[in-house]
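Numbers here are sequence positions counted from 1.
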Amino acid sequence: LKNNKNCKTFVFEFDENEIVLNDMGSIKKLYYSDEWNHYLFSKIIEYFENNNKSSDIEIVRNKARKISNFNKFSFRELIKLKLNKFSNLFEKEDLNQNHLFYNSYINNNLTEKIIENLKYVKKYKKPFDINKVKNFKINNNIRKKIKIKFNYKNDNDFEKFIIKFLPFNIPKIYLEGFNYLKKESTNLFYRNKYKSITTATAHYFDDIFKYFLANQIDDGCKLIINQHGGSFGMLKWFQFEDHAISVSDFFLTWGWKYNDENKIIPMTFNKLSNKMNIKYNQNGGILNVLSGIEPYPLSIDSKPYNSLNQKSYYEIEQVNFYKNLNTKLQKLTTFRLYPNLYSPNEEKLFNKELSDLKIDKNKNLYSSMNENQLFVGTSNSTAYLEALYFNYPTVCFWNSNNWEVNNNFKDLFFALKETNILHENASSASSFINMIWNDLLDWWNSKNNQKILKEFKNCYFSESKDETSKWLTFYKNIT
(Lines give C-alpha, C1' and ligand atoms only; values in the text may rest on other atoms or scores of the structure.)
Protein backbone atom coordinates (compact mmCIF):
# COMPACT_ATOMS: atom_id res chain seq x y z
CA LEU A 1 0.00 0.00 0.00
CA LYS A 2 2.79 2.41 0.84
CA ASN A 3 4.24 2.16 -2.66
CA ASN A 4 1.02 2.77 -4.56
CA LYS A 5 -0.06 6.25 -5.60
CA ASN A 6 -3.58 7.23 -6.61
CA CYS A 7 -5.06 3.75 -6.43
CA LYS A 8 -8.73 2.92 -6.48
CA THR A 9 -10.37 -0.01 -4.75
CA PHE A 10 -13.95 -1.16 -4.34
CA VAL A 11 -15.20 -1.96 -0.87
CA PHE A 12 -18.43 -3.86 -0.48
CA GLU A 13 -20.32 -3.19 2.74
CA PHE A 14 -21.83 -6.35 4.19
CA ASP A 15 -24.52 -6.85 6.77
CA GLU A 16 -22.48 -7.26 9.96
CA ASN A 17 -24.84 -9.97 11.16
CA GLU A 18 -23.80 -12.06 8.16
CA ILE A 19 -20.10 -11.27 7.98
CA VAL A 20 -19.21 -11.80 11.67
CA LEU A 21 -18.72 -15.47 12.52
CA ASN A 22 -21.67 -16.91 14.41
CA ASP A 23 -19.92 -19.95 15.88
CA MET A 24 -16.89 -22.16 15.27
CA GLY A 25 -18.96 -24.84 13.55
CA SER A 26 -19.37 -22.56 10.54
CA ILE A 27 -15.83 -21.17 10.45
CA LYS A 28 -14.65 -22.96 7.31
CA LYS A 29 -17.71 -22.08 5.25
CA LEU A 30 -17.44 -18.40 6.14
CA TYR A 31 -13.68 -17.90 6.26
CA TYR A 32 -13.14 -19.78 2.98
CA SER A 33 -15.63 -17.50 1.23
CA ASP A 34 -14.61 -14.67 -1.09
CA GLU A 35 -17.00 -12.39 0.76
CA TRP A 36 -15.33 -12.72 4.16
CA ASN A 37 -11.84 -12.34 2.76
CA HIS A 38 -12.92 -9.24 0.84
CA TYR A 39 -14.28 -7.89 4.13
CA LEU A 40 -11.00 -8.68 5.94
CA PHE A 41 -8.74 -7.01 3.40
CA SER A 42 -11.09 -4.05 3.14
CA LYS A 43 -10.73 -3.52 6.87
CA ILE A 44 -6.94 -3.64 6.52
CA ILE A 45 -7.02 -1.03 3.77
CA GLU A 46 -9.36 1.18 5.80
CA TYR A 47 -7.13 0.89 8.85
CA PHE A 48 -4.08 2.04 6.92
CA GLU A 49 -5.98 4.87 5.27
CA ASN A 50 -7.47 6.12 8.53
CA ASN A 51 -4.08 6.07 10.20
CA ASN A 52 -2.21 7.68 7.30
CA LYS A 53 -0.16 4.53 6.74
CA SER A 54 -0.55 4.50 2.96
CA SER A 55 -0.62 6.80 0.00
CA ASP A 56 -3.81 8.10 -1.56
CA ILE A 57 -6.25 5.27 -2.17
CA GLU A 58 -9.69 6.10 -3.43
CA ILE A 59 -12.24 3.82 -1.76
CA VAL A 60 -15.45 3.28 -3.74
CA ARG A 61 -18.16 1.81 -1.52
CA ASN A 62 -20.94 -0.44 -2.71
CA LYS A 63 -23.71 -2.30 -0.96
CA ALA A 64 -22.91 -6.02 -0.97
CA ARG A 65 -25.37 -8.69 -1.99
CA LYS A 66 -26.71 -11.01 0.66
CA ILE A 67 -24.27 -13.77 1.61
CA SER A 68 -25.37 -17.31 0.85
CA ASN A 69 -27.03 -19.11 3.74
CA PHE A 70 -24.24 -21.28 5.16
CA ASN A 71 -26.57 -23.11 7.54
CA LYS A 72 -29.05 -24.73 5.20
CA PHE A 73 -31.08 -27.33 7.05
CA SER A 74 -32.18 -30.46 5.21
CA PHE A 75 -35.08 -32.66 6.27
CA ARG A 76 -32.70 -35.62 6.57
CA GLU A 77 -30.45 -33.69 8.97
CA LEU A 78 -33.48 -32.66 11.02
CA ILE A 79 -34.64 -36.26 11.44
CA LYS A 80 -31.12 -37.42 12.37
CA LEU A 81 -30.80 -34.68 14.98
CA LYS A 82 -34.20 -35.46 16.53
CA LEU A 83 -33.44 -39.19 16.69
CA ASN A 84 -30.12 -38.55 18.44
CA LYS A 85 -31.77 -36.32 21.03
CA PHE A 86 -34.62 -38.82 21.50
CA SER A 87 -32.25 -41.76 22.06
CA ASN A 88 -30.33 -39.83 24.72
CA LEU A 89 -33.54 -39.29 26.72
CA PHE A 90 -33.65 -43.03 27.48
CA GLU A 91 -30.02 -43.34 28.51
CA LYS A 92 -29.66 -43.60 32.24
CA GLU A 93 -27.37 -40.97 33.66
CA ASP A 94 -24.62 -42.76 35.55
CA LEU A 95 -22.83 -40.37 37.89
CA ASN A 96 -20.09 -42.96 38.50
CA GLN A 97 -18.66 -42.75 34.99
CA ASN A 98 -14.98 -41.87 34.91
CA HIS A 99 -14.14 -41.53 31.24
CA LEU A 100 -16.05 -39.95 28.36
CA PHE A 101 -15.39 -40.55 24.64
CA TYR A 102 -16.85 -37.79 22.48
CA ASN A 103 -16.12 -37.67 18.76
CA SER A 104 -12.88 -39.52 19.53
CA TYR A 105 -12.16 -40.89 16.02
CA ILE A 106 -11.16 -44.20 17.62
CA ASN A 107 -12.60 -46.98 15.46
CA ASN A 108 -15.76 -48.62 16.79
CA ASN A 109 -14.18 -52.05 17.23
CA LEU A 110 -11.47 -50.72 19.56
CA THR A 111 -13.86 -48.36 21.36
CA GLU A 112 -16.24 -51.19 22.20
CA LYS A 113 -13.37 -53.29 23.57
CA ILE A 114 -12.25 -50.43 25.80
CA ILE A 115 -15.80 -49.92 27.09
CA GLU A 116 -16.25 -53.65 27.65
CA ASN A 117 -13.03 -54.04 29.67
CA LEU A 118 -12.82 -50.71 31.47
CA LYS A 119 -15.54 -49.86 33.96
CA TYR A 120 -17.37 -46.57 33.93
CA VAL A 121 -16.67 -45.48 30.35
CA LYS A 122 -19.20 -43.55 28.29
CA LYS A 123 -19.27 -43.13 24.51
CA TYR A 124 -21.52 -40.16 23.98
CA LYS A 125 -23.98 -40.21 21.11
CA LYS A 126 -23.69 -36.78 19.58
CA PRO A 127 -27.05 -35.04 20.12
CA PHE A 128 -26.21 -31.73 18.51
CA ASP A 129 -25.35 -30.70 14.96
CA ILE A 130 -22.63 -28.06 15.24
CA ASN A 131 -23.64 -26.66 11.86
CA LYS A 132 -27.12 -25.78 13.09
CA VAL A 133 -26.44 -23.45 16.00
CA LYS A 134 -28.93 -20.64 16.46
CA ASN A 135 -27.96 -17.46 14.62
CA PHE A 136 -27.46 -14.34 16.73
CA LYS A 137 -27.56 -10.60 16.06
CA ILE A 138 -24.60 -8.35 16.70
CA ASN A 139 -24.69 -6.11 19.76
CA ASN A 140 -22.00 -3.50 19.20
CA ASN A 141 -22.64 -1.95 22.61
CA ILE A 142 -21.14 -5.09 24.16
CA ARG A 143 -18.26 -5.24 21.72
CA LYS A 144 -17.21 -1.62 22.18
CA LYS A 145 -16.51 -2.38 25.83
CA ILE A 146 -13.96 -5.09 25.02
CA LYS A 147 -10.38 -3.98 25.54
CA ILE A 148 -7.48 -6.16 24.40
CA LYS A 149 -4.19 -5.74 26.17
CA PHE A 150 -0.77 -7.24 25.51
CA ASN A 151 1.80 -7.88 28.21
CA TYR A 152 4.29 -5.98 26.11
CA LYS A 153 4.31 -2.78 24.09
CA ASN A 154 2.55 -3.34 20.79
CA ASP A 155 4.33 -1.01 18.43
CA ASN A 156 3.76 -2.63 15.05
CA ASP A 157 0.85 -2.02 12.70
CA PHE A 158 -0.27 -5.64 12.62
CA GLU A 159 -0.84 -5.85 16.39
CA LYS A 160 -2.56 -2.46 16.42
CA PHE A 161 -4.90 -3.60 13.66
CA ILE A 162 -5.71 -6.84 15.51
CA ILE A 163 -6.52 -4.92 18.71
CA LYS A 164 -9.04 -2.85 16.79
CA PHE A 165 -10.41 -5.61 14.55
CA LEU A 166 -10.74 -8.55 16.95
CA PRO A 167 -13.45 -7.31 19.38
CA PHE A 168 -15.89 -6.89 16.49
CA ASN A 169 -15.14 -10.35 15.10
CA ILE A 170 -15.32 -12.62 18.14
CA PRO A 171 -17.85 -15.37 17.28
CA LYS A 172 -21.33 -14.21 18.28
CA ILE A 173 -22.07 -17.34 20.29
CA TYR A 174 -19.39 -16.30 22.83
CA LEU A 175 -20.96 -12.87 23.42
CA GLU A 176 -24.51 -12.29 22.18
CA GLY A 177 -25.29 -16.02 22.32
CA PHE A 178 -23.53 -16.93 25.54
CA ASN A 179 -26.71 -17.57 27.57
CA TYR A 180 -27.96 -19.84 24.77
CA LEU A 181 -24.59 -21.63 24.72
CA LYS A 182 -24.73 -22.22 28.46
CA LYS A 183 -28.34 -23.46 28.39
CA GLU A 184 -27.85 -25.84 25.45
CA SER A 185 -24.67 -27.30 26.92
CA THR A 186 -26.21 -27.79 30.36
CA ASN A 187 -29.25 -29.52 28.85
CA LEU A 188 -27.32 -31.79 26.51
CA PHE A 189 -24.44 -33.06 28.63
CA TYR A 190 -24.52 -35.10 31.81
CA ARG A 191 -23.66 -33.55 35.15
CA ASN A 192 -21.17 -36.31 35.94
CA LYS A 193 -17.67 -35.35 37.08
CA TYR A 194 -15.25 -37.17 34.77
CA LYS A 195 -11.61 -38.13 35.26
CA SER A 196 -10.95 -37.79 31.52
CA ILE A 197 -12.65 -36.71 28.32
CA THR A 198 -11.29 -37.96 24.99
CA THR A 199 -12.02 -36.17 21.72
CA ALA A 200 -10.34 -35.64 18.37
CA THR A 201 -11.94 -32.56 16.82
CA ALA A 202 -14.74 -31.31 19.10
CA HIS A 203 -12.33 -28.99 20.93
CA TYR A 204 -11.97 -27.08 17.66
CA PHE A 205 -15.48 -26.63 16.32
CA ASP A 206 -18.14 -27.78 18.80
CA ASP A 207 -18.97 -24.76 20.98
CA ILE A 208 -21.76 -26.50 22.91
CA PHE A 209 -19.34 -29.25 23.89
CA LYS A 210 -16.55 -26.79 24.70
CA TYR A 211 -18.61 -25.04 27.39
CA PHE A 212 -19.21 -28.41 29.04
CA LEU A 213 -15.53 -29.34 28.59
CA ALA A 214 -14.31 -26.09 30.18
CA ASN A 215 -16.40 -26.74 33.30
CA GLN A 216 -15.12 -30.30 33.51
CA ILE A 217 -11.50 -29.13 33.26
CA ASP A 218 -12.13 -26.58 36.01
CA ASP A 219 -13.21 -29.55 38.17
CA GLY A 220 -9.95 -31.41 37.51
CA CYS A 221 -10.88 -33.47 34.44
CA LYS A 222 -8.03 -34.45 32.08
CA LEU A 223 -8.45 -33.47 28.42
CA ILE A 224 -7.18 -36.18 26.07
CA ILE A 225 -6.97 -35.33 22.37
CA ASN A 226 -6.62 -38.18 19.90
CA GLN A 227 -4.91 -37.66 16.53
CA HIS A 228 -7.67 -37.57 13.93
CA GLY A 229 -5.76 -37.58 10.64
CA GLY A 230 -2.49 -37.21 8.81
CA SER A 231 -0.26 -34.11 8.78
CA PHE A 232 0.22 -34.41 12.56
CA GLY A 233 3.89 -35.12 13.18
CA MET A 234 4.51 -34.83 9.44
CA LEU A 235 4.44 -31.12 8.62
CA LYS A 236 7.13 -28.64 9.62
CA TRP A 237 4.41 -26.29 10.89
CA PHE A 238 0.91 -27.39 11.74
CA GLN A 239 -1.20 -25.07 13.86
CA PHE A 240 -3.85 -27.67 14.76
CA GLU A 241 -1.09 -29.87 16.18
CA ASP A 242 0.45 -27.04 18.20
CA HIS A 243 -2.95 -26.07 19.58
CA ALA A 244 -3.93 -29.65 20.46
CA ILE A 245 -0.71 -30.30 22.36
CA SER A 246 -0.95 -26.94 24.12
CA VAL A 247 -4.52 -27.30 25.46
CA SER A 248 -4.53 -31.03 26.25
CA ASP A 249 -3.19 -33.01 29.17
CA PHE A 250 -2.31 -35.85 26.80
CA PHE A 251 -2.11 -35.93 23.01
CA LEU A 252 -2.44 -39.47 21.66
CA THR A 253 -0.67 -40.14 18.35
CA TRP A 254 -0.67 -42.98 15.86
CA GLY A 255 2.89 -43.83 16.88
CA TRP A 256 5.17 -40.79 16.58
CA LYS A 257 6.59 -38.75 19.44
CA TYR A 258 8.85 -35.75 20.08
CA ASN A 259 11.50 -36.53 22.67
CA ASP A 260 11.12 -33.13 24.37
CA GLU A 261 7.32 -33.23 24.75
CA ASN A 262 5.92 -35.34 27.61
CA LYS A 263 2.29 -34.69 26.69
CA ILE A 264 2.61 -36.74 23.50
CA ILE A 265 1.74 -40.41 24.03
CA PRO A 266 2.41 -42.75 21.08
CA MET A 267 -0.48 -45.21 20.82
CA THR A 268 -1.70 -47.10 17.74
CA PHE A 269 -3.19 -46.34 14.34
CA ASN A 270 -6.68 -46.32 15.82
CA LYS A 271 -8.65 -44.59 13.07
CA LEU A 272 -9.14 -47.74 11.01
CA SER A 273 -9.93 -51.23 12.19
CA ASN A 274 -7.46 -53.93 11.22
CA LYS A 275 -10.50 -56.00 10.31
CA MET A 276 -11.15 -53.80 7.26
CA ASN A 277 -10.60 -55.70 4.04
CA ILE A 278 -8.70 -53.26 1.80
CA LYS A 279 -6.69 -54.94 -0.92
CA TYR A 280 -5.36 -53.92 -4.31
CA ASN A 281 -6.86 -55.49 -7.44
CA GLN A 282 -4.10 -57.00 -9.61
CA ASN A 283 -6.25 -56.34 -12.67
CA GLY A 284 -7.05 -52.79 -11.64
CA GLY A 285 -5.67 -49.42 -12.65
CA ILE A 286 -4.27 -46.25 -11.08
CA LEU A 287 -6.17 -44.19 -8.51
CA ASN A 288 -4.84 -40.63 -8.26
CA VAL A 289 -6.17 -39.15 -4.99
CA LEU A 290 -6.23 -35.37 -4.83
CA SER A 291 -6.04 -33.15 -1.80
CA GLY A 292 -8.21 -30.13 -1.01
CA ILE A 293 -6.13 -26.98 -1.40
CA GLU A 294 -7.75 -24.31 0.72
CA PRO A 295 -8.71 -21.12 -1.12
CA TYR A 296 -7.67 -19.01 1.88
CA PRO A 297 -5.50 -19.94 4.88
CA LEU A 298 -7.44 -20.81 8.02
CA SER A 299 -4.24 -21.55 9.93
CA ILE A 300 -0.50 -21.23 9.46
CA ASP A 301 0.72 -24.58 8.15
CA SER A 302 3.47 -25.79 5.85
CA LYS A 303 1.15 -26.74 3.01
CA PRO A 304 0.06 -24.98 -0.20
CA TYR A 305 -2.66 -22.34 -0.38
CA ASN A 306 -4.37 -20.50 -3.18
CA SER A 307 -1.94 -17.63 -2.74
CA LEU A 308 1.36 -17.39 -4.65
CA ASN A 309 -0.18 -19.61 -7.36
CA GLN A 310 0.38 -22.70 -5.19
CA LYS A 311 -3.10 -24.08 -5.86
CA SER A 312 -2.71 -23.50 -9.61
CA TYR A 313 0.68 -25.21 -9.51
CA TYR A 314 -0.84 -28.19 -7.71
CA GLU A 315 -3.62 -28.53 -10.30
CA ILE A 316 -1.21 -28.17 -13.23
CA GLU A 317 0.92 -30.91 -11.71
CA GLN A 318 -2.09 -33.26 -11.75
CA VAL A 319 -2.58 -32.51 -15.44
CA ASN A 320 1.14 -33.09 -16.10
CA PHE A 321 1.01 -36.39 -14.24
CA TYR A 322 -1.78 -37.68 -16.47
CA LYS A 323 -0.27 -36.40 -19.73
CA ASN A 324 3.11 -37.94 -18.98
CA LEU A 325 1.66 -41.42 -18.48
CA ASN A 326 1.78 -43.65 -21.54
CA THR A 327 -1.43 -44.10 -23.52
CA LYS A 328 -2.18 -47.48 -21.97
CA LEU A 329 -1.89 -46.18 -18.41
CA GLN A 330 -3.90 -43.04 -19.15
CA LYS A 331 -6.83 -45.30 -19.98
CA LEU A 332 -6.36 -47.08 -16.63
CA THR A 333 -6.17 -43.88 -14.54
CA THR A 334 -8.94 -42.39 -12.43
CA PHE A 335 -8.81 -39.08 -10.53
CA ARG A 336 -10.52 -38.88 -7.16
CA LEU A 337 -11.30 -35.28 -6.21
CA TYR A 338 -11.30 -34.09 -2.63
CA PRO A 339 -14.91 -33.68 -1.43
CA ASN A 340 -15.05 -30.00 -0.52
CA LEU A 341 -16.61 -26.67 -1.42
CA TYR A 342 -14.37 -26.09 -4.42
CA SER A 343 -13.93 -29.52 -6.04
CA PRO A 344 -16.53 -28.75 -8.79
CA ASN A 345 -14.12 -26.11 -10.14
CA GLU A 346 -11.33 -28.68 -10.26
CA GLU A 347 -13.53 -31.12 -12.16
CA LYS A 348 -14.28 -28.43 -14.76
CA LEU A 349 -10.56 -27.76 -15.13
CA PHE A 350 -9.65 -31.43 -15.58
CA ASN A 351 -12.52 -32.05 -17.99
CA LYS A 352 -11.26 -29.13 -20.08
CA GLU A 353 -7.59 -30.13 -20.02
CA LEU A 354 -8.08 -33.90 -20.03
CA SER A 355 -11.26 -34.61 -21.96
CA ASP A 356 -10.95 -38.40 -21.67
CA LEU A 357 -10.11 -38.47 -17.94
CA LYS A 358 -12.20 -40.65 -15.64
CA ILE A 359 -13.42 -39.02 -12.39
CA ASP A 360 -14.03 -41.35 -9.46
CA LYS A 361 -17.64 -41.13 -8.27
CA ASN A 362 -17.45 -43.66 -5.44
CA LYS A 363 -18.51 -42.12 -2.14
CA ASN A 364 -16.16 -44.42 -0.27
CA LEU A 365 -12.39 -44.18 -0.88
CA TYR A 366 -11.84 -47.78 0.20
CA SER A 367 -14.24 -49.09 -2.45
CA SER A 368 -12.19 -47.29 -5.07
CA MET A 369 -8.97 -48.72 -3.65
CA ASN A 370 -10.38 -52.24 -3.95
CA GLU A 371 -10.96 -51.60 -7.67
CA ASN A 372 -7.40 -50.44 -8.44
CA GLN A 373 -3.85 -51.67 -7.89
CA LEU A 374 -1.82 -48.46 -7.52
CA PHE A 375 -2.54 -45.57 -5.17
CA VAL A 376 -1.09 -42.19 -6.12
CA GLY A 377 -0.82 -39.72 -3.23
CA THR A 378 -0.47 -36.03 -4.04
CA SER A 379 -0.20 -34.43 -0.60
CA ASN A 380 1.46 -35.04 2.75
CA SER A 381 -1.81 -35.80 4.54
CA THR A 382 -4.08 -38.67 5.57
CA ALA A 383 -4.96 -40.57 2.40
CA TYR A 384 -1.62 -42.06 1.43
CA LEU A 385 -0.98 -43.08 5.06
CA GLU A 386 -4.05 -45.28 4.90
CA ALA A 387 -2.80 -46.87 1.69
CA LEU A 388 0.59 -47.61 3.26
CA TYR A 389 -1.13 -49.00 6.36
CA PHE A 390 -2.75 -51.69 4.21
CA ASN A 391 0.56 -52.28 2.34
CA TYR A 392 -1.15 -51.06 -0.81
CA PRO A 393 1.23 -50.24 -3.71
CA THR A 394 1.72 -46.48 -3.53
CA VAL A 395 3.58 -43.76 -5.39
CA CYS A 396 3.45 -40.17 -4.10
CA PHE A 397 4.51 -36.81 -5.46
CA TRP A 398 4.45 -33.31 -4.03
CA ASN A 399 6.57 -30.18 -4.07
CA SER A 400 8.68 -30.29 -0.91
CA ASN A 401 8.81 -26.48 -0.83
CA ASN A 402 5.02 -26.37 -0.47
CA TRP A 403 4.73 -29.42 1.78
CA GLU A 404 7.69 -28.96 4.13
CA VAL A 405 8.21 -32.03 6.29
CA ASN A 406 8.74 -32.19 10.02
CA ASN A 407 12.42 -31.76 10.92
CA ASN A 408 12.22 -34.61 13.44
CA PHE A 409 11.41 -37.18 10.74
CA LYS A 410 13.19 -35.94 7.60
CA ASP A 411 15.16 -39.19 7.33
CA LEU A 412 11.98 -41.23 6.93
CA PHE A 413 10.80 -39.12 3.99
CA PHE A 414 14.27 -39.19 2.45
CA ALA A 415 14.13 -43.00 2.58
CA LEU A 416 10.76 -42.94 0.77
CA LYS A 417 12.43 -40.91 -1.98
CA GLU A 418 15.32 -43.37 -2.18
CA THR A 419 12.87 -46.21 -2.87
CA ASN A 420 10.90 -44.12 -5.43
CA ILE A 421 7.76 -44.21 -3.33
CA LEU A 422 7.98 -40.42 -2.97
CA HIS A 423 8.81 -38.06 -5.84
CA GLU A 424 9.42 -34.32 -6.01
CA ASN A 425 7.17 -33.69 -9.01
CA ALA A 426 4.55 -35.21 -11.30
CA SER A 427 6.91 -35.87 -14.17
CA SER A 428 9.22 -37.99 -12.03
CA ALA A 429 6.33 -39.98 -10.54
CA SER A 430 4.60 -40.72 -13.85
CA SER A 431 7.87 -41.64 -15.58
CA PHE A 432 8.64 -44.10 -12.81
CA ILE A 433 5.17 -45.64 -13.05
CA ASN A 434 5.57 -46.03 -16.83
CA MET A 435 8.82 -47.88 -16.20
CA ILE A 436 7.73 -50.32 -13.47
CA TRP A 437 4.06 -50.90 -14.29
CA ASN A 438 4.56 -54.41 -15.67
CA ASP A 439 6.60 -55.32 -12.57
CA LEU A 440 4.67 -53.20 -10.08
CA LEU A 441 4.22 -55.85 -7.40
CA ASP A 442 7.81 -57.07 -7.66
CA TRP A 443 8.99 -53.52 -7.00
CA TRP A 444 6.52 -52.97 -4.19
CA ASN A 445 7.24 -56.23 -2.39
CA SER A 446 11.01 -55.99 -2.73
CA LYS A 447 12.96 -56.56 0.48
CA ASN A 448 14.33 -53.01 0.60
CA ASN A 449 10.93 -51.40 0.02
CA GLN A 450 9.26 -53.43 2.73
CA LYS A 451 12.08 -52.64 5.16
CA ILE A 452 11.69 -48.88 4.59
CA LEU A 453 7.92 -49.16 4.85
CA LYS A 454 8.20 -51.01 8.14
CA GLU A 455 10.32 -48.20 9.61
CA PHE A 456 7.86 -45.59 8.34
CA LYS A 457 4.93 -47.59 9.64
CA ASN A 458 6.42 -47.98 13.13
CA CYS A 459 6.52 -44.20 13.38
CA TYR A 460 3.33 -42.99 11.75
CA PHE A 461 0.83 -45.82 12.15
CA SER A 462 2.17 -48.32 14.63
CA GLU A 463 0.41 -51.52 15.59
CA SER A 464 0.44 -53.53 18.80
CA LYS A 465 0.04 -57.25 19.31
CA ASP A 466 -2.39 -56.45 22.09
CA GLU A 467 -3.81 -53.07 21.12
CA THR A 468 -6.66 -53.20 23.61
CA SER A 469 -4.34 -53.81 26.57
CA LYS A 470 -2.22 -50.82 25.60
CA TRP A 471 -5.24 -48.53 25.63
CA LEU A 472 -6.65 -50.01 28.84
CA THR A 473 -3.34 -49.51 30.63
CA PHE A 474 -3.28 -45.86 29.55
CA TYR A 475 -6.77 -45.10 30.90
CA LYS A 476 -6.29 -47.10 34.10
CA ASN A 477 -3.29 -44.90 34.97
CA ILE A 478 -5.30 -41.68 34.73
CA THR A 479 -5.97 -40.31 38.20
Quick one about [Y] and [X] (side-chain donor to acceptor, distance below 3.5 Å, no hydrogens or angles considered), yes or no?
{"X": "Ser464", "Y": "Trp471", "result": "no"}
{"X": "Tyr211", "Y": "Glu184", "result": "no"}
{"X": "Asp206", "Y": "Asn103", "result": "no"}
{"X": "Asn401", "Y": "Tyr313", "result": "no"}
{"X": "Tyr392", "Y": "Asn372", "result": "no"}
{"X": "Lys303", "Y": "Tyr314", "result": "no"}
{"X": "Asn448", "Y": "Ser446", "result": "no"}
{"X": "Ser367", "Y": "Asn362", "result": "no"}

For side chain to side chain contact (heavy atoms under 4.5 Å, CB included), just list the numbers for Ser196 and Phe474, CA-CA rounded to whole Å, side-chain angles, deciding distance to a tenth of an Å, and then say yes or no.
CA-CA 11 Å; Ser196 78; Phe474 169 75; over 6 Å; no
Residues at least two apart in sequence or cross-chain that pass ring pair (Phe, Tyr, Trp, His ring centres under 6.0 Å) with Phe161, listed by chain then number, are Tyr47, Phe165
Which residues pass the side chain to side chain contact (heavy atoms under 4.5 Å, CB included) test with Glu418, not counting sequence neighbours?
Phe414
Under-4.0 Å salt bridge between Glu261 and Lys257:
no
Any salt bridge between Glu463 and Lys457, counting N to O under 4.0 Å?
yes
Evaluation steps, side-chain hydrogen bond (donor to acceptor under 3.5 Å, both in side chains), between Asn108 and Lys123
CA-CA 10 Å; Asn108 288 333; Lys123 180 184 178 184; 2.8 Å; yes
Could you check whether any side-chain heavy atom of Leu213 comes within less than 4.5 Å of a side-chain heavy atom of Asn215, counting everything from C-beta outward?
no
